[in-house]
Amino acid sequence: MNTKHQVSITFPDQSVRCFDAPVSVMNISESISSGFARKTLAGKVNGRILDTSDLISENTSIHLITSDDDEGLNIIRKSTAHLLGRAVKQLFPEAKIVLAEAHEHGFYCDISYSRSFTEEDRNAIEERMKALASEKYDVVKQIRAQEDALTLFKERNEDFKVDFIDGLSDAESITLSVHEEYVDFSEGVQVPNSRFLSHFKLTKNSGVYLDGDANAEQLQRISGTAWESKKSLKVHLTMIEEAEKRDHRRLGKALGLFHFSEDAPGSVFWHAKGWVLFKELLNYMRRRIENEDYEEVNTPDLMDQSLWETSGHWQNYRDHMFSTETADQRNLVFKPMSCPGSVLLYGSGLKSYRDLPIRMAEFGKVHRFEPSGSLHGLLRVRHFTQDDAHIYCTQAQLQQECENVIQLVLGIYRDFGFEDVAIKLSTRPEKRLGDDATWDFLESSLIQSLKKLVLPYEINEGEGAFYGPKLEFTLRDSIGRDWQCGTLQVDMNLPERFDLSYTDDQGTRQPPVMLHRALFGSLERFIGILIEHYAGKFPAWLSPTQVAILSISQKSNAYAETLHKTLKKAGLRLALDNSPEKIGYKIRHSTLQKVPFMIVVGDKESDKQTVNIRLLNGETLGEFSVDDALRLLQEKVTAPDLL
């Protein structure tokens, strides 16, 4: 007697449905309702995301993915990149699509073409994409043998795809995504139908080098954003518009904070106002770490290559390192991070368990080679300052030290107005130092610290440093963007490689555990984030100019100058405008410079020896005696950690 094999599918609500094998993801969705099937993009089974056409033949649990899921949005964006490729090929048949990819919030295509695409070209491409999406055609997955795929792309003169396949070794098959006449590689899952691809916007054209190599062909990159609904797209485009207004490069120039030059690519020229801001951050961090019993140290910028070979950086990081050979034939490396220098400091004398924990902080200048195409204002530079620190402790002290760092970093972010902070735990990568037992201990210490502090976290599987797992702290700014800033890494491998030790209470040498932590991360990048977070309107304690004294007429200049001397002596950062310009112009200029307080001085104030204080938003606080005004202003410009 023939019996059909039954496949049992369990849903997130623990309900179960049985099917005759095999059953596709779409069949499963259709068994719920035709309406739900129309929303379904994919299915997640045992951590794997399956196409709607993929078949399931074993009992399993499934989560059906719709556009409301993060995975669904990523699928939409990847497929929209292919839609972009199709539109480009229709309008510009000689163009070659090198890469079509999704990323957070959007997608892009890298294209080889004989000329640069214009804004008019981009608009035409977008209109063609809309027309194609409205056709509601099915997107088909094909699996082809490597040779068949190679022949296909040769026939289509897609040289870059041919080169990619030629570079593969022993690939049994290649998965393709077919948008009617357009064919591209399919890494992951595609939408089942183009009706999911209606809510997008092409945002910019740019140039990129093939494989990031400045000596290779320069490609055209067309970027865009895609969402699951018209409403979500509109919200994101509004955020982009606001982000453009807040661009730290534009505001940095307007406020006279810094500039960049091709004479020193990827390095910041700090102007006087910008350097005031930089120093205020340094002073703030110095106070915070002094209260946490850190000792500040400093290590050389240039150290011998052998040091970096011992640490493992030379083998794992050399493409990002600057080095130079000296006249005495020594190869010296500009430090890309401060860890090995800190290790040499620790190893410079004998240590006892009574000395631990040792917390060494360094505001170290570091140098990392970033491709010129990836440089981006203060956010991506080659020469920057890390608020780095290394803590050496016993295994028994490790969890408490982790808790201390986590509490410190969250407290610091609160002082800058970042209340929404996501924590991610990056676990052991495939390429790593040390044994599994060591990684088990280090990962467990981080997890237990987070649990003790009752903090939620996500896991980034396999994204840890090569020497240890890490926590990453991601800030959400005032317009909803996320910025990964601080890190905490725990490490028992570098101490072992450098033979570091301390003497325990039995007189036995033991290796310390090493914590690597940065709170701002890069000071340059953090300042860029702050500029955009505050839209240039810094809190008074950070503002390069805290108070502008503005005289109404030449008669009140003498009083304005006296006020300037008095307030400057009290430690306020001031600007004095006693020029013959009209007061309206002076107020406007100070407003454009984002000065938080303005003191307008006229004949009345001069006669009464008083001041009127005006805020940046136009509100007036009223008339004060000089002493009362000084007390008020000093209170307003006090850093949050000193309140």
Side-chain angles (χ1 to χ4, degrees), residues 38-44 49 51-52 64-92 95 97-111 117 119 121-141 175-180 182-206 208 219-244 479-482:
R38 283 186 58 80
K39 295 171 56 180
T40 300
L41 289 164
K44 182 183 277 189
I49 298 180
D51 198 284
T52 53
L64 293 170
I65 295 172
T66 70
S67 57
D68 293 330
D69 297 297
D70 289 341
E71 295 99 331
L73 268 178
N74 188 62
I75 292 168
I76 288 172
R77 287 164 184 156
K78 178 67 175 180
S79 295
T80 309
H82 288 168
L83 179 68
L84 168 57
R86 184 184 180 197
V88 169
K89 290 293 289 184
Q90 286 191 359
L91 293 173
F92 306 94
I97 307 301
V98 180
L99 186 67
E101 272 297 341
H103 58 81
E104 187 179 16
H105 302 319
F107 61 92
Y108 65 88
C109 267
D110 290 345
I111 305 159
F117 289 116
E119 186 175 351
D121 293 332
R122 191 176 77 225
N123 292 337
I125 293 168
E126 182 175 298
E127 289 305 311
R128 180 61 60 91
M129 290 173 67
K130 290 177 180 177
L132 292 172
S134 69
E135 293 175 3
K136 299 182 180 179
Y137 61 84
D138 288 339
V139 178
V140 179
K141 181 172 78 170
T175 304
L176 302 176
S177 174
V178 181
H179 289 241
E180 299 201 322
Y182 178 78
V183 183
D184 208 336
F185 296 126
S186 177
E187 293 181 17
V189 173
Q190 298 290 322
V191 297
N193 189 280
S194 68
R195 69 174 180 272
F196 291 99
L197 309 181
S198 300
H199 309 296
F200 65 87
K201 176 72 178 174
L202 298 185
T203 53
K204 68 176 181 178
N205 304 350
S206 58
V208 295
L219 307 173
Q220 316 268 334
R221 174 170 290 181
I222 300 178
S223 302
T225 186
W227 294 83
E228 84 289 354
S229 68
K230 184 177 180 179
K231 180 181 178 181
S232 295
L233 174 63
K234 183 178 180 181
V235 168
H236 183 72
L237 292 177
T238 301
M239 188 190 77
I240 290 178
E241 185 179 343
E242 181 62 28
E244 288 174 354
I479 60 172
R481 296 172 301 174
D482 291 335

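Nothing fancy with the numbering, it's 1 onward along the sequence. Note that the structure is a prediction, hence the values are computed from the model and not measured.
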Checklist entry - Is the closest side-chain donor-acceptor distance between Trp227 and Ser229 under 3.5 Å? => result no
Next on the checklist: Can a donor-acceptor pair be found, under 3.5 Å and without considering hydrogens, that links the side chain of His82 to the backbone of Phe185?
Outcome noted: yes
Checklist entry - Counting only heavy atoms not in Lys141, do more than 12 fall under 6.0 Å of its NZ? => result yes
Checklist entry - Distance-only, no hydrogens or angles: does the Glu126 side chain make a donor-acceptor pair with backbone N or O of Leu202 under 3.5 Å? => result yes
Checklist entry - Listed by chain and number, what are the salt bridge (charged side-chain N to carboxylate O under 4.0 Å, His left out) partners of Arg481, not counting sequence neighbours? => result Asp477, Glu532
Checklist outcome for this item: Residues at least two apart in sequence or cross-chain that pass side chain to side chain donor-acceptor pair (under 3.5 Å) with Asn123, listed by chain then number, are none
Item to check | Ser186: partners by side-chain contact (heavy atoms from CB on, under 4.5 Å), with sequence neighbours left out | outcome: Thr175, Ser177, Gln190
Checklist entry - Does any N or O in the side chain of Asn205 come within less than 3.5 Å of the main-chain N or O of Phe117, such that one atom is a donor and the other an acceptor? => result yes
Do any side-chain atoms of residues 193-200 form donor-acceptor pairs under 3.5 angstrom with protein atoms, and if so which ones, sequence neighbours left out?
unit_1, atom_1, unit_2, atom_2, d
Asn193, OD1, Arg195, N, 2.9
Asn193, ND2, Lys136, O, 3.0
Asn193, ND2, Tyr137, O, 3.2
Asn193, ND2, Asp138, OD1, 2.8
Ser194, OG, Ala133, O, 3.1
Ser194, OG, Lys136, N, 3.2
Ser194, OG, Tyr137, N, 2.9
Arg195, NH2, Arg38, O, 3.0
Ser198, OG, Arg195, O, 3.4
His199, ND1, Lys230, N, 3.4

Item to check | Any residue meeting ring pair (Phe, Tyr, Trp, His ring centres under 6.0 Å) with Tyr182, in chain and number order, not counting sequence neighbours | outcome: none
Next on the checklist: List the residues meeting side chain to side chain donor-acceptor pair (under 3.5 Å) with Ser223, not counting sequence neighbours, and say none if there are none.
Outcome noted: none
Next on the checklist: Could you work out, with side-chain contact (heavy atoms from CB on, under 4.5 Å) as the rule, every residue matching Leu99, not counting sequence neighbours?
Outcome noted: Glu101, Tyr108, Asp110
Item to check | Residue list, salt bridge (charged side-chain N to carboxylate O under 4.0 Å, His left out) with Glu228, at least two apart or on another chain | outcome: none
Checklist entry - Looking at residues at least two apart in the chain, or sitting in another chain, which of them share a side chain to side chain donor-acceptor pair (under 3.5 Å) with Gln90? => result Arg128, Glu181
Next on the checklist: Applying side-chain contact (heavy atoms from CB on, under 4.5 Å), can you list everything that pairs with Ala102, at least two apart in sequence or on another chain?
Outcome noted: Asn74, Arg77, Lys78
Next on the checklist: Over 60° means perpendicular and under 30° means parallel, so tell me whether His236 and His105 are parallel, tilted or perpendicular.
Outcome noted: tilted
Checklist outcome for this item: Taken to the nearest 0.5 Å, the spacing of Lys89 NZ from Ile111 CD1 works out to 10.0 Å
Checklist entry - With Glu241, which residues qualify under salt bridge (charged side-chain N to carboxylate O under 4.0 Å, His left out), at least two apart? => result none
Next on the checklist: Is there a side chain to side chain contact (heavy atoms under 4.5 Å, CB included) between Thr40 and Ile65? Walk through the geometry before answering.
Outcome noted: CA-CA 6 Å; Thr40 300; Ile65 295 172; over 6 Å; no
Next on the checklist: With a sphere of 6.0 Å drawn around CD of Glu187, does it hold more than 12 non-hydrogen atoms of other residues, nucleotides or ligands?
Outcome noted: no
Checklist entry - salt bridge (charged side-chain N to carboxylate O under 4.0 Å, His left out) with Glu127: which residues, sequence neighbours excluded? => result Lys130
